Amino acid sequence: MTTAPSGSTTPTDWTDMTSTDAPTTERPAAAAPQDASAREIDVRVDRASGRYLPEVPTPVIECTDVDIFYGQFRAVHGVSLVYGKNEITAMIGPSGCGKSTVLRSLNRMNDLITGARVTGKITYHGQDIYGSDVDPIEVRRRIGMVFQKPNPFPKSIYDNIAYGPRVTGMKVSSMDDLVEESLRGAALWDEVKDKLKQSAYGLSGGQQQRLCIARTIAVRPEVILMDEPCSSLDPIATARIEDLMEDLRKDFTIIIVTHNMQQAARVADRTAFFTAKAAEGTGDRTGQLVEYDLTSKIFSNPADRRTEDYISGRFG
Amino acid sequence: MSSITAAGGPPAAGAPQGGRRGQSFDPSSLARHSPRYGERAVMVVLQGAAMLSVLVTIGIVVSLLLPALSFFREVSVGEFLFGTRWTPRFPGQESYGVVPLITGTAWTTAIALLIAVPFGLGAAIYLAEYAAPRVRKVLKPVLEVLAGVPSVVYGFFALTFVAPFVLEDLLGIEVGTFSVLSAGLVLGIMIIPTVASLSEDAMSAVPSSLRQGSLALGANKMRTTLRVVFPAAVSGIAASIVLALSRAVGETMIVALAAGTQARVVTGATQPGQTMTGFIAQTATGESTPGTLSYNTLFAVGLLLFVLTFVINMISIRLVRRFREAY
């Protein structure tokens, strides 16, 4: 989806990206540059998508100095990141660098692991999602998640989609329409429209993953977290999911963890590079954010030597 | 080495390791180095173990069938199945209608399931989905100890505690010493661990990725449990209930002690009644002479018990196949 006319340099073009039918009220433009001169240099053309991106993303989720612990073990240290609205943000890095841990802390899926603890601040539109009055169920309704391995429910294709709206008590005028819309949104409708009542387990892995995406967008979250969504898929299925992510960016904010650097380079507007640092005494490896920038910058001109080593394949 | 195999000699276990690498070892040969008697012996033993249960089942059916057949030569099947008077040991006015025994079994079993299914499933859901790992580690073995209590202890419990104190004094229900209610209640308590433990296993076996998928959509824990975990585990849960049901139908000591020995059609929970197993326990005391009608009666009732349990099992399997959501 390259809606922005390529070659145009009008500085305000990028704001078009936010004028979608995403189900949120308009946020104050926190990332708006301070003066006009800054605005001109702030806007860049992203190499991969040809989209215009502000230098500072319009924040949807913001991490400030986040540490994540499992019991006594500090898995992630000092992560500060801003995930931009209607952008695809990739988190890359070697195994054990904490990128999945960070992802799972963004919609409180970490709560399910006993002993997991988050310090620092993670905010969603300025609201601390670990605040004492916050219901993790409400957080997850707004911030959905697609997992590494496709995990459709052992139900029919139709019921897989209808499950979320049903259990969250969404007011739906026509469930059939919502199912169709969600499946179309996940580019799966044409393949399954004649077998909606059949088990989701009859679908291929790539179809199952798109079903999981359809299931997620059926409850209309604002953000979709993707935890290595293509790692169990073949290249063709992977390409379809990547195309789909391009389309979904219009309506959703996507945050993806990937092992595949090319994938990050292909789909992401911004990329965060994580690595793990071994503690001196214990040897415990704690993940940390090395660099976060526009994807084009990370892959062409990274500021940190470790990023360069990683993307050029010298380690990791 | 290959020459030894060809000669059918002993396995190479005794040969020094060096021999394998010596001149006789031909690395290019794919021929078997040893005849692997051990593996074959293990297979035969395992096969025997598997066949044993089949053979025993066949043996039970045959031993039930033969005396039961001679019973049905004297009493018609219709009279047996639909007669409402069960007086096989009243000299002069013998009547062989098994309906009173069936009602006794049906009442005690139904009451037992009414107790065991809700409490057992409740315990299973708590243990599988809500309890902290530490709590589960303590609670589950405790629950399973309940299953190890001898049923005669339960029967005594029903007779001396549940009927007089719990039912009469505490709840104010007028029951005599013997009633299908007290027997059924205690029977239900006895089979709670069966339902709880096996259902908990079935629910814990549901992949956590399904729970996470549901929670990530904004479903709460109860909905996730009832609409994802439960349907996915339903075949195991149903199996636990069927097993509990079979145990309730077949349980003897509790009903023999607490339900009474009057074989009459039971129409209310507070009435005493005799179950099929209760009758067999009462009658099979060595007084019956093999070959007599009263002796063969035991086998007719036993066969009916066997057939009933079998049919219940078959129906449950069918139902589960239709409703389960296999993951």
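Only heavy atoms go into these numbers, but all of them, side chains included; no hydrogens, no water, no symmetry mates. Residue numbers start from 1 in every chain, and the chains themselves are labelled A, B, ... in the order their sequence lines are given, proteins ahead of strands. The structure displayed is predicted, hence computed values, not measured ones.
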Note: Leu81(A) and Ala272(A) closest approach over all heavy atoms is CD2-CB, 4.0 Å
Heavy-atom side-chain proximity of Val192(A) to Arg210(A) below 4.5 angstrom: no
A side-chain contact here means heavy atoms from C-beta on lying under 4.5 Å apart; do Val179(A) and Met175(A) qualify? yes
Electrostatic pair Asp135(A)-Arg140(A), nearest N-O below 4.0 angstrom: no
Ionic contact status for Arg240(A) with Glu191(A), cut-off 4.0 Å: yes
Specify which of Thr114(A), Val167(A), Asn107(A) makes the most heavy-atom pairs with chain B at under 4.5 Å. Val167(A)
May I ask you to list the residues in residues 141-161 of chain A that approach chain B closer than 4.5 angstrom, counting heavy atoms only, ordered by number? Arg141(A), Ile143(A), Gly144(A), Met145(A), Phe147(A), Asn151(A), Pro152(A), Phe153(A), Pro154(A), Lys155(A)
Can you pull out the residues in residues 211-234 of chain B with any heavy atom less than 4.5 Å from chain A? Gln212(B), Gly213(B), Ser214(B), Leu215(B), Ala216(B), Leu217(B), Gly218(B), Ala219(B), Asn220(B), Arg223(B), Thr224(B), Arg227(B), Val228(B), Pro231(B), Ala232(B)
Test side chain to side chain contact (heavy atoms under 4.5 Å, CB included), reference Ser199(B), set Ile237(B), Thr194(B), Ile125(B), output is Ile237(B)
Ile254(B) backbone acceptor or donor facing Glu251(B) side chain under 3.5 Å: yes
Residues in salt bridge (Lys or Arg N to Asp or Glu O under 4.0 Å) with Glu62(A), at least two apart? none
Enumerate the residue pairs fulfilling side-chain hydrogen bond (donor to acceptor under 3.5 Å, both in side chains) with a member in residues 39-50 of chain B, sequence neighbours excluded, ordered by first and then second residue. none
Between Ile137(A) and chain B, which part of the residue has a heavy atom less than 4.5 Å away: side chain, backbone, both or neither? both
Test log, rule side chain to side chain contact (heavy atoms under 4.5 Å, CB included), inputs Thr275(B) and Thr109(B): CA-CA 10 Å; Thr275(B) 66; Thr109(B) 305; over 6 Å; no
